[in-house]
Amino acid sequence: MRRVLVAGNWKMNGSKAANVDLITGLKAGLGDIGDTEVAVCPPFIYLSSVAEMLDGTGAAWGSQNIAVPESGAYTGETSGSMLNDFGCTYAIVGHSERRALYGETDQLVAEKYAAAHRAGIQPILCVGETLEEREGGITTEVVARQLDAVLSLEGVESLNEAVIAYEPVWAIGTGKTATGDQAQEVHAFIRSKVAEQSADVAKGVRILYGGSVKGANAAELFAMEDIDGGLIGGASLDAAEFLKICSAGS
Ligand code: PGA
């Protein structure tokens, strides 16, 4: 059985005071969400303070990005070993905002995925198509290309220590969620792609859905056979809403 994972992607949001409120709110409800695994991914500057606040709660934390090199003259970058120093569990790689706004290519995303692994951190590999690509009928082609970049660099077995997040770009921050059936179709495709190389890995790998997940639509999505949780943006900034999503996974 794959354990449901609900991960909050805070993006570039938060402040010292807001984070205390949010984590305090989360901590108050974490005992009532059943078996769902919970993780939060705050901006880098808040990672260590959030990690301290989460200590002992069972909730994990992750970064929103990771550098490819291990150390050295890379101004502004944060490496996997630095993240590991603080007990980081996950690193989001290939989020569509990074692909679109910071020019991250499939190859660079694959290298970041590899960097996370080298540091003992599980990458959360984001894949997904734009509206134009969906309307052009090339959703599976795009997702396959994004996945293949990682599989050819790191091999299918690497997915034993990774999470995939299917995030249709048209559903991110737009309020337009994919329906359960729309999402399931792509999730099943992703799992079948992995199964072409290893049935065992395909059975075990968690595939999260992301894109306007809310308390009100999480249960429908998480009930789908190949949806193993969610990567949550906007709704992860509201403790009550995020906990509702977490509960939908139990
Ligand atoms: P959203 O973002 O939930 O605000 O749509 C999801 C994501 O970008 O990971």
Side-chain angles (χ1 to χ4, degrees), residues 2 4-7 9 92-114 116-117 122-213 217-218 220-233 249:
R2 297 181 296 266
V4 170
L5 168 63
V6 175
N9 172 13
I92 298 173
V93 299
H95 190 278
S96 62
E97 285 152 17
R98 297 215 56 90
R99 292 179 190 264
L101 303 173
Y102 302 99
E104 294 197 4
T105 60
D106 291 337
Q107 179 61 28
L108 179 59
V109 171
E111 286 169 17
K112 290 188 172 194
Y113 175 100
H117 267 158
Q122 290 208 26
I124 299 178
L125 170 69
C126 300
V127 297
E129 81 288 2
T130 62
L131 185 58
E132 205 184 353
E133 289 163 340
R134 172 161 284 261
E135 287 174 345
I138 56 168
T139 295
T140 52
E141 199 178 304
V142 169
V143 168
R145 191 201 69 222
Q146 293 169 335
L147 193 59
D148 279 339
V150 163
L151 295 181
S152 59
L153 187 70
E154 284 289 276
V156 71
E157 301 286 330
S158 71
L159 288 173
N160 284 328
E161 298 298 330
V163 176
I164 298 170
Y166 169 58
E167 299 206 306
V169 179
W170 49 271
I172 294 177
T174 59
K176 280 190 211 157
T177 326
T179 62
D181 288 335
Q182 269 176 327
Q184 166 60 25
E185 198 182 347
V186 183
H187 281 237
F189 168 75
I190 293 171
R191 203 177 300 285
S192 72
K193 273 284 298 170
V194 176
E196 284 169 14
Q197 297 191 24
S198 166
D200 276 356
V201 174
K203 212 183 284 172
V205 68
R206 290 185 291 186
I207 309 175
L208 313 184
Y209 169 79
S212 297
V213 179
N217 59 23
E220 184 208 340
L221 289 158
F222 298 170
M224 294 290 152
E225 190 181 342
D226 291 297
I227 301 183
D228 308 309
L231 183 57
I232 319 300

Look up atom [atom1] in [X] and atom [atom2] in [Y], then write down how far apart they are to the nearest 0.5 Å.
| X | Y | atom1 | atom2 | value |
| --- | --- | --- | --- | --- |
| Ile124 | His95 | CD1 | NE2 | 10.5 Å |
| Ile207 | Glu225 | CD1 | CD | 11.0 Å |
| Ile92 | Asn9 | CD1 | CG | 4.0 Å |
| Leu159 | Gln197 | CG | CD | 8.5 Å |

**Report entry** ring-ring contact (aromatic ring centres under 6.0 Å, His included) against His187, all qualifying residues, sequence neighbours excluded
**Finding:** Tyr166
What are the two closest non-hydrogen atoms of [X] and [Y], and how far apart are they?
| X | Y | result |
| --- | --- | --- |
| Ile172 | Ser96 | CD1-OG, 3.2 Å |
| Val4 | Gly249 | CG2-O, 3.4 Å |
| Gly210 | Pro168 | O-CD, 3.4 Å |
| Ala183 | Ile227 | CB-CD1, 3.7 Å |
| Ile190 | Val127 | CD1-CG2, 4.0 Å |
| Pro123 | Val93 | CB-CG2, 4.1 Å |

With sequence neighbours excluded, what pairs up with [X] under the side chain to side chain contact (heavy atoms under 4.5 Å, CB included) test?
| X | value |
| --- | --- |
| Ala199 | none |
| Thr177 | Tyr209, Ser212, Asn217, Leu221 |
| Gln122 | Tyr90, Glu161, Val163 |
| Val150 | Ala110, Tyr113, Leu125 |

**Report entry** Identified side-chain contact (heavy atoms from CB on, under 4.5 Å) partner of Ile164 from the options Leu147, Leu231, Leu208
**Finding:** Leu147
Report task. Verify side chain to side chain contact (heavy atoms under 4.5 Å, CB included) between Glu196 and Leu151, making sure each step is shown before the conclusion. Result -> CA-CA 12 Å; Glu196 284 169 14; Leu151 295 181; over 6 Å; no
Who pairs with [X] by side chain to side chain donor-acceptor pair (under 3.5 Å), at least two apart in sequence or on another chain?
| X | result |
| --- | --- |
| Glu135 | none |
| Asp148 | Lys193 |
| Glu220 | none |
| Glu154 | none |

Requested in this report: Among residues two or more places apart or on two chains, list those pairs meeting salt bridge (charged side-chain N to carboxylate O under 4.0 Å, His left out) that have a residue in residues 176-191.
Outcome: Arg191-Asp226, Arg191-Asp228
Query - Check: Glu129/Trp170 side-chain N/O donor and acceptor closer than 3.5 Å - result: yes
Without placing hydrogens or testing angles, list every side-chain donor-acceptor pair under 3.5 Å for residues 137-146, not counting sequence neighbours.
from   : atom 1 : to     : atom 2 : distance (Å)
Arg145 : NE     : Asp106 : OD2    : 2.6
Gln146 : OE1    : Gly128 : N      : 2.8
Gln146 : NE2    : Gly128 : O      : 3.4

Query raised in the report: Do any N or O atoms from the side chain of Arg99 and from the backbone of Cys126 form a donor-acceptor pair under 3.5 angstrom?
Result: yes
Query raised in the report: Who pairs with Glu104 by salt bridge (charged side-chain N to carboxylate O under 4.0 Å, His left out), at least two apart in sequence or on another chain?
Result: Arg98, Lys112
